[in-house]
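Report on one structure; see the data block that follows.
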Amino acid sequence: MTVPYARIDGGTVVEIITIPDDADIADRYHPDIVVDLILCGPEVAPGWVYGGDTFAPPPPAPPPSAADLYVAAVDKRWRVETGGISVGGVPVATDRESQSLITGAHAYVLTNPDVSIKFKAANGFVDLDATRVTAVATAVAAHVQACFAVEADVAAAIADGTVTTTQQVDDWPWPGTPA
């Protein structure tokens, strides 16, 4: 058997320390640590509140503000936007640098339609003619625009009170996720 002690800092449990029930806490820890330890029950966990004689679970977190939800939507859009796509079975990176390189390759083949380029896809080099470069550039642009369109939808849902949690932001049907 073990005996749990809660280390308290500012009225909040920050750590649970257990020792064998036949041991003395003062023999195992420095007095400066022991002074912050309170014998507690097995249900007590970090984050619980100590009121001087009793432990209580932490109060529920306040709901996120609209500003917090907008930040979550921007972050989710960025992660989906830059997370990559598959075009014709070929994985294509969609981070900002890759988007720029794809745009440059597309501009190049528009002015040089008979050229074939070496393009480094996520799984290695591939030869792309103008038609395939255009297909990749179009797919990437469509993906990026779809991500921004969904972010706009989520922002509108936050504004009208339909979306009130970060889980709802994550669960929204973002591009590449099942509906």
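All values derive from a computational prediction rather than experimental measurement.
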Co-membership, hydrophobic cluster, residues [X] and [Y], 4.5 Å side-chain:
{"X": "Ile117", "Y": "Val126", "result": "yes"}
{"X": "Val35", "Y": "Ile33", "result": "no"}
{"X": "Tyr108", "Y": "Leu128", "result": "yes"}
{"X": "Ile25", "Y": "Val3", "result": "yes"}
{"X": "Val136", "Y": "Val115", "result": "yes"}

Main-chain N/O of [Y] paired with [X] side-chain donor or acceptor, under 3.5 Å:
{"X": "Asp68", "Y": "Ser65", "result": "yes"}
{"X": "Gln145", "Y": "Ala141", "result": "no"}
{"X": "Trp174", "Y": "Val169", "result": "yes"}
{"X": "His106", "Y": "Thr138", "result": "no"}

So which heavy atom on [X] is nearest to which on [Y], and how close?
{"X": "Ala135", "Y": "Val87", "answer": "O-CG1, 4.4 Å"}
{"X": "Ala130", "Y": "Pro113", "answer": "CB-O, 3.5 Å"}
{"X": "Gly161", "Y": "Thr164", "answer": "O-CG2, 3.3 Å"}
{"X": "Val163", "Y": "Trp172", "answer": "CG2-CZ3, 3.5 Å"}
{"X": "Cys40", "Y": "Ala6", "answer": "SG-N, 3.8 Å"}
{"X": "Arg132", "Y": "Asp129", "answer": "N-OD1, 2.8 Å"}

Should Arg96 and Glu81 count as an ion pair when the cut-off is N to O under 4.0 Å?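 Between Glu81 and Arg96 there is a salt bridge, with a charged N closer than 4.0 Å to a carboxylate O.
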
Audit row: Phe119, Val133, side chain to side chain contact (heavy atoms under 4.5 Å, CB included) steps and yes/no: CA-CA 9 Å; Phe119 190 81; Val133 170; over 6 Å; no

Given side chains that start at C-beta, do those of [X] and [Y] come closer than 4.5 Å, heavy atoms only?
{"X": "Trp48", "Y": "Pro58", "answer": "yes"}
{"X": "Tyr50", "Y": "Val44", "answer": "no"}
{"X": "Ile102", "Y": "Val92", "answer": "yes"}
{"X": "Thr165", "Y": "Pro63", "answer": "no"}
{"X": "Ile19", "Y": "Thr2", "answer": "no"}
{"X": "Asp75", "Y": "Arg79", "answer": "yes"}

Please evaluate residues Asp127 and Lys118 with respect to the criterion side chain to side chain contact (heavy atoms under 4.5 Å, CB included), reporting the C-alpha separation (whole Å), side-chain torsions for both, the decisive distance (0.1 Å), and the verdict. CA-CA 5 Å; Asp127 290 316; Lys118 292 275 188 203; 2.9 Å; yes

Enter the distance from [X]:[atom1] to [Y]:[atom2] here, rounded to the nearest 0.5 Å.
{"X": "Arg77", "Y": "Thr82", "atom1": "CZ", "atom2": "OG1", "result": "8.5 Å"}
{"X": "Thr54", "Y": "Ile38", "atom1": "OG1", "atom2": "CD1", "result": "11.5 Å"}
{"X": "Glu151", "Y": "Asp153", "atom1": "CD", "atom2": "CG", "result": "10.0 Å"}
{"X": "Ile16", "Y": "Leu37", "atom1": "CD1", "atom2": "CG", "result": "9.5 Å"}

CZ of Phe148: more than 12 outside heavy atoms within 6.0 angstrom?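 Counting other residues, nucleotides and ligands, CZ of Phe148 exceeds 12 neighbours.
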
Does CD in Glu97 sit with more than 12 non-hydrogen atoms of other residues, nucleotides or ligands closer than 6.0 Å?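 Not buried by this count: 12 neighbours or fewer within 6.0 Å.
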
Step by step, would you call Phe55 with Ile8 a side chain to side chain contact (heavy atoms under 4.5 Å, CB included)? CA-CA 11 Å; Phe55 290 94; Ile8 310 298; 3.8 Å; yes

Under the criterion side chain to side chain contact (heavy atoms under 4.5 Å, CB included), I'd like the reasoning laid out for His143 against Val80: C-alpha separation, chi angles, the key distance, then a yes or no. CA-CA 9 Å; His143 170 73; Val80 173; 4.2 Å; yes

